[in-house]
Amino acid sequence: MTLPPSCRWTGDHLELLDQRQLPGAVVFMQLQAWQEVAEAITSMAVRGAPAIGIAAAWGVVLAARVGEELPIAIEGLRASRPTAVNLAWALNRMESAIASSGSVDVEALAGVAAALQDEDRLLTQRLVDHGVSLLNQGCRVLHHCHTGAIATGGVGTALGVIASAHARGVLRHAWLDETRPRLQGAALSAWELGCLGVPCTVIVDGASGLLMRRGEVDAVMVGCDRVAANGDVANKIGTYNLALAARAHGIPFYVCAPGSSIDLATPDGDAITIEERDAAEITHVHGVLVAAPGAQVWNPAFDVTPAHLVTGLITEYGVLRPPYREALTSLALPNQL
Ligand code: MRU
């Protein structure tokens with residue numbers, strides 16, 4: 001089955017795939033206003049770092065169509081989620097386009113948003129090709145969260161590597177962390193790989209240590225929401241634990257990082273804002289209370305994996321190896337310091 005795009009522009013409004021309804025139904029939301037796009041990002045109807053950047057770019061186009069104050073729309077969209085730098089990256093690109101044209105030309109802005117989406121398709125394909133080159137014949141790869149096609153404008157990042165490794169006959173099996181509390185692994189990654197016919201098994205996040213100890217994992221492959229200048233990586237909560245377990249078992253831990261997720265203005269992981277989300281994501285499952293009534297909850301949506309635990313950063317430029325500060329600053333990244 002062909003996977004749907006994360007979003008598509010109709011010429012007068014944005015159709016956005018509602019990821020919250022997957023795997024049950026493929027439903028596109030019809031968005032007419034930037035505020036609806038911001039709400040879709042905050043409520044995780046659209047999620048995955050590249051996809052939220054692309055959606056936000058289209059949000060600026062929607063604001064321009066109805067003559068709204070663009071700085072207000074851009075700041076509103078920027079505030080919709082704090083951790084993935086792709087959001088700021090895409091909005092900065094839209095801001096530069098507005099500044100360089102000196103006026104608001106809706107068609108030109110739609111062209112910039114479409115170019116961002118196209119660029120993401122091309123660059124994620126390149127990243128995926130570099131990623132597959134790291135995997136050995138018959139490998140079993142463990143993945144966290146969801147980094148597939150609908151989290152991007154193209155083929156995905158880490159999950160794209162896994163799907164491509166399968167298509168090229170290199171992959172033996174994919175292990176998918178279910179990824180509490182939003183279950184992106186069980187709901188989205190398993191759905192995408194199922195559509196593509198890739199053999200995979202969902203595990204609870206806490207099972208990865210046992211799996212590694214039993215010798216069932218050859219590599220860990222994850223995505224990211226922001227890479228700091230020293231190579232520290234923010235990604236879905238639980239990624240850090242996985243990196244520690246991988247190091248303890250001598251298993252390579254790879255992070256897929258498109259250039260749009262690399263943030264040289266952030267010196268290290270401590271400077272990355274970690275989003276904390278509603279307690280109900282933990283206390284309730286599909287609206288049913290599963291925690292003791294009144295139990296206190298802490299719900300950070302991301303964590304930071306220190307650079308020294310990362311075996312390689314897979315980018316569209318190639319695979320970067322430590323020391324990451326030098327490797328990252330040598331990249332010809334557009335829109336960076
Ligand atoms: O909270 P989410 O679901 O937006 O978190 C997503 C992740 O952490 C992904 O791993 C990351 O955005 C990379 S998507 C290519």
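Heavy-atom basis, side chains included; hydrogens, waters and symmetry copies ignored. Whatever order the structure lists them in is the order used to number ligands and atoms, beginning at 1.
The part of Met44 lying near ligand 1 is the side chain, judged by heavy-atom distances below 4.0 Å.
Heavy-atom contacts of Gly48 reach the following atoms of ligand 1: 4 (O), 12 (O), 14 (S) (cutoff under 4.0 Å). Shown in contact with Arg81 at under 4.0 Å from a heavy atom are these atoms of ligand 1, numbered in order with element: 1 (O), 2 (P), 4 (O). Residue contact check: Asn235 has heavy atoms under 4.0 Å from atoms 7 (C), 8 (O), 9 (C), 10 (O), 11 (C) of ligand 1. Applying the 4.0 Å criterion to heavy atoms of Gln184 picks out, from ligand 1, the atoms 1 (O), 2 (P), 3 (O). Under a 4.0 Å criterion applied to the non-hydrogen atoms of Ala49, ligand 1 contributes the atoms 12 (O), 14 (S). The Asp225 neighbourhood of ligand 1 comprises atoms 7 (C), 8 (O), 9 (C), 11 (C), 12 (O), with distances under 4.0 Å to a heavy atom of that residue.
For the side chain to side chain donor-acceptor pair (under 3.5 Å) criterion with His146, the lone passing option out of Lys236, Gln19, Gln184, Arg47 is Arg47.
Residue Pro50 places a heavy atom under 4.0 Å from ligand 1. Within the structure, the closest approach of His146 to ligand 1 falls below 4.0 Å when heavy atoms are considered. For Glu275, the heavy-atom gap to ligand 1 stays at 4.0 angstrom or more. The shortest heavy-atom distance from His144 to ligand 1 is not under 4.0 Å. Residue-ligand proximity: Ala84 is placed with every non-hydrogen atom at 4.0 Å or more from ligand 1.
If you take CD1 on Ile98 and CG on Leu91, they are separated by 9.5 Å, rounding to the nearest 0.5 Å. For the atom pair CG of Leu77 and OG1 of Thr42, the computed distance is 9.0 Å after rounding to the nearest 0.5 Å.
With hydrogens left out, the protein atom closest to atom 15 (C) of ligand 1 is Thr157 OG1, 3.4 Å, a heavy atom. Taking atom 13 (C) of ligand 1 as the reference point, the nearest protein heavy-atom neighbour is Cys224 O, 3.3 Å. For atom 5 (O) of ligand 1, the closest non-hydrogen atom on the protein side is Lys236 CE, 3.3 Å.
With respect to the salt-bridge test (charged N to carboxylate O, under 4.0 angstrom), the residues Asp263 and Arg226 qualify.
Taking any N or O of Arg47, backbone or side chain, at least one lies under 3.5 Å from an N or O belonging to ligand 1. Annotation: Thr152 places no N or O atom under 3.5 Å from an N or O atom of ligand 1; distance criterion only.
Between Phe253 and Arg247, the closest side-chain pair of non-hydrogen atoms is not below 4.5 Å.
Between the side chain of Tyr254 and the backbone N or O of Gly223 there is no donor-acceptor pair closer than 3.5 Å. Side-chain atoms of Trp298 never come within 3.5 Å of backbone atoms of Glu276 as a donor-acceptor pair (strictly under, hydrogens ignored). Glu36 contributes a side-chain N or O that, together with a main-chain N or O of Ala33, makes up a donor-acceptor pair within less than 3.5 Å. Judged by distance alone, the side chain of His173 and the main-chain N or O of Gly138 form no donor-acceptor pair under 3.5 Å. Between the side chain of Asn235 and the backbone N or O of Asp303, no donor-acceptor pair lies under 3.5 Å.
A donor-acceptor contact closer than 3.5 angstrom links the side chains of His13 and Thr10.
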